A.B. asks: 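Can you read through this structure? Questions will come right after.
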Amino acid sequence: MVLTHVPGCMEWLMNRSYSSLHISREEIITWILASPVQFVSGRRFYVEAYHSVKNRSLGMSFLIAMGTTTAYLYSIAAIIYNATQQPDDPLMQCFESSAL
């Protein structure tokens, strides 16, 4: 995120006391921003992947849909794990990979 390079924003973004679940503002912002990209912009790939699975002829759309969905679901799992377990070294979320 570009905001991490602005002086004073890094501490604000990384503050985990924002909610009772100990989720940082950065995680919330990236989750909110990545969701429309994943499902609205990626709709074309999901539709093409569905038709390629139906026709038993997997193509590039299937690979794109699976890769971005895997990165998106991993990021959600990482946020939930970090919120519930509160590890010393939290897992990194990679919503930017699913949005690419």
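Nothing here was measured: the structure is a model prediction, and the numbers come from that model. One-based numbering along the sequence shown. Quick note: numbers below take in every heavy atom, side chains included, and nothing from hydrogens, waters or symmetry partners.
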A.B. asks: Is I64 linked to V40 within one hydrophobic cluster, defined over Ile, Leu, Val, Met, Phe, Trp and Tyr using a side-chain heavy-atom separation of less than 4.5 Å?
C.D. replies: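 No, because I64 and V40 fall into different hydrophobic clusters, even though each may have its own neighbours under 4.5 Å.
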A.B. asks: Is there a path of hydrophobic side-chain contacts, each under 4.5 Å between heavy atoms, that joins V53 and V47?
C.D. replies: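 Different hydrophobic clusters.
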A.B. asks: With the side chain counted from C-beta on, respond yes when Y46 and Q38 share a heavy-atom pair under 4.5 Å apart, and no when they do not.
C.D. replies: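 Side chain of Y46 against side chain of Q38, heavy atoms only: contact under 4.5 Å found.
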A.B. asks: So, does S61 use its side chain to make a donor-acceptor pair with the main chain of A49 at under 3.5 Å?
C.D. replies: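 No.
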A.B. asks: Just jot down the side chain to side chain donor-acceptor pair (under 3.5 Å) partners of S35, sequence neighbours excluded, or say none.
C.D. replies: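 So S35 forms a side chain to side chain donor-acceptor pair (under 3.5 Å) with Y72.
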A.B. asks: So, for F45 and A65, which heavy atoms are closest and what is the spacing to 0.1 Å?
C.D. replies: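 Minimum heavy-atom separation between F45 and A65: O-CB, 4.1 Å.
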A.B. asks: Are the side chain of T30 and the backbone N or O of E27 linked by a donor-acceptor pair below 3.5 Å?
C.D. replies: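 At least one qualifying donor-acceptor pair exists.
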A.B. asks: Show the nearest heavy-atom pair for residues Y74 and M92, with the distance to one decimal.
C.D. replies: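 Between these two residues, the closest heavy atoms are CE2-O, 3.2 Å.
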A.B. asks: Atom CD1 of I28 and atom CD1 of I79: how far apart are they, to the nearest 0.5 Å?
C.D. replies: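 Here the interatomic distance stands at 8.0 Å.
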A.B. asks: Measure the shortest side-chain to side-chain distance between L73 and T69 over non-hydrogen atoms and say whether it is less than 4.5 angstrom.
C.D. replies: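 L73 vs T69: side chains touch.
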A.B. asks: Taking ring pair (Phe, Tyr, Trp, His ring centres under 6.0 Å) as the cut-off, I'd like each qualifying pair that reaches into residues 48-70, sequence neighbours left out, listed once.
C.D. replies: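 Output for this query is empty, none listed.
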